[in-house]
Amino acid sequence: MPNPRKRRAGTAGAAGPDSKRPAGKHTKTRKPTGTSTRVGDSSPEKTSASKNCGNNQSSYWLMKSEPQSRIEKGVDVKFSIEDLKAEPKQTACWDGVRNYQARNFLRAMKLEQKAFFYHSNCKEPGIAGLVKIVKEAYPDHTQFEKNNPYYDPSSKEDNPKWSMVDVQFVRLMKRYITLTELKANHQAHKATGGPLKNMALFTHPRLSVQPLTPGKSRPYSLCYSHARMTP
DNA sequence: GCCAACGTTGGC
DNA sequence: GCCAACGTTGGC
């Protein structure tokens with residue numbers, strides 16, 4: 001059931017983001033490595049950010065979602081950053097990821113890490129805002145729901161294949177960063193060795209959940225092989 | 001384990 | 001709506 005699609009999210013499950021969270025989890029918002037990165041600044045060169053991809057992986061991610069209505073198996077998959085903002089607690093679960101690489105990245109996400117919210121499959125694709133991880137990976141309930149577009153009959157309750165995280169709205173970008181702009185920077189960086197030269201958005205265009213690398217750190221290809229472990 | 005057929009992604 | 005790129009499936 002290939003559905004390497006990104007996904008919208010539903011209200012953070014009945015088992016909401018905080019239901020069984022270790023209470024005192026008020027970790028300081030750890031800024032991505034000291035790098036100067038003003039995260040979420042509108043300059044695309046800075047949209048890649050954070051740590052290395054070694055063990056603790058990227059501290060910054062990019063997650064795609066479709067802001068426009070589209071019916072998939074009878075269900076509207078639309079989920080824009082405005083939709084996220086409108087959720088209770090501005091929080092939702094990121095369900096429906098059905099691609100192993102994307103899933104592995106979901107599983108690597110840590111509390112408080114941030115992700116750029118990317119609008120795909122729409123008039124003007126691009127980065128719309130910033131979200132943060134408020135619940136680490138747990139089983140995606142939609143894989144067991146027969147009437148759900150993301151139902152996966154091959155997944156067993158005692159060994160769920162697919163995971164999701166909960167994300168919370170942080171803010172919109174100061175200005176919308178279009179795919180066109182990102183691509184221009186990516187192209188330029190390929191020549192100059194700039195930080196976006198290996199941006200997964202272009203090197204792995206179908207990956208709906210992807211890590212971003214810090215300005216001068218290792219190329220994404222390394223992260224990629226690290227994350228490659230299991231299907 | 002190869003690989004052709006098929007399905008999906010997502011920009012255009 | 002088209003279609004190229006690419007992931008998945010399943011026969012062998």
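These figures come from a predicted structure and were not determined experimentally. Below, read A as the first sequence line, B as the second, and so on, with proteins coming before strands; counting in each chain starts at 1.
To the nearest angstrom, C1' of B:dT9 lies 11 Å from OH of A:Tyr118. In this structure, A:Gln101 places its CD atom 14 Å from C1' of B:dT8, rounding to the nearest Å. Taking atom CG of A:Asn99 as the reference point, atom P of C:dC6 lies 13 Å away to the nearest angstrom. Rounding to whole angstrom units, NZ of residue A:Lys64 and C1' of B:dG11 are separated by 10 Å. Atoms NE2 (A:His204) and C1' (B:dT8) sit 18 Å apart, rounded to a whole Å. Atom CH2 of A:Trp162 is separated from atom P of C:dG7 by 13 Å (rounded to the nearest Å). The nearest whole Å value for the distance from the CE atom in A:Met199 to the P atom in B:dG10 is 13 Å. One interatomic measurement links the two molecules: NZ of A:Lys161 to C1' of C:dG7, which rounds to 14 Å at whole-angstrom precision.
The closest side-chain donor-acceptor pair between A:Arg98 and A:Ser155, if any, does not fall under 3.5 angstrom.
The shortest side-chain heavy-atom distance between A:Val209 and A:Met109 falls under the 4.5 Å cut-off. In this structure, A:Gln210 and A:Gln101 have side chains that are not in contact, with every pair of non-hydrogen atoms separated by 4.5 Å or more. Put simply, the side chain of A:His119 does not reach to within 4.5 Å of the side chain of A:Gln68, judged on heavy atoms. Residues A:Arg175 and A:Glu181 form a side-chain contact, since some pair of their non-hydrogen atoms from C-beta on lies under 4.5 Å apart.
With sequence neighbours excluded, the residues forming a ring-ring contact (aromatic ring centres under 6.0 Å, His included) with A:Phe202 are A:His186, listed by chain and number.
Proximity note for A:Ser120 (side chain, C-beta onward) versus C:dG7, B:dG11, C:dT8: the nearest is B:dG11. Counting only heavy atoms from C-beta on, A:Lys183 has its side chain closest to B:dC12 among B:dG10, C:dC6, B:dC12. Checked against B:dT9, B:dC12, C:dT8, the side chain of A:Arg206 finds its nearest nucleotide in B:dT9.
Taking five base pairs at each end of the helix from B:dG1-C:dC12 to B:dC12-C:dG1 and finding the rotation axis that steps the C1' atoms of four pairs onto the next four gives two axes whose angle is 10°, to the nearest 10°.
Counting non-hydrogen atoms under 4.0 angstrom, A:Phe202 reaches nothing in the nucleic acid.
Screening A:Phe116, A:Phe105, A:Phe117 for a side chain to side chain contact (heavy atoms under 4.5 Å, CB included) with A:Trp61, the sole residue that qualifies is A:Phe105.
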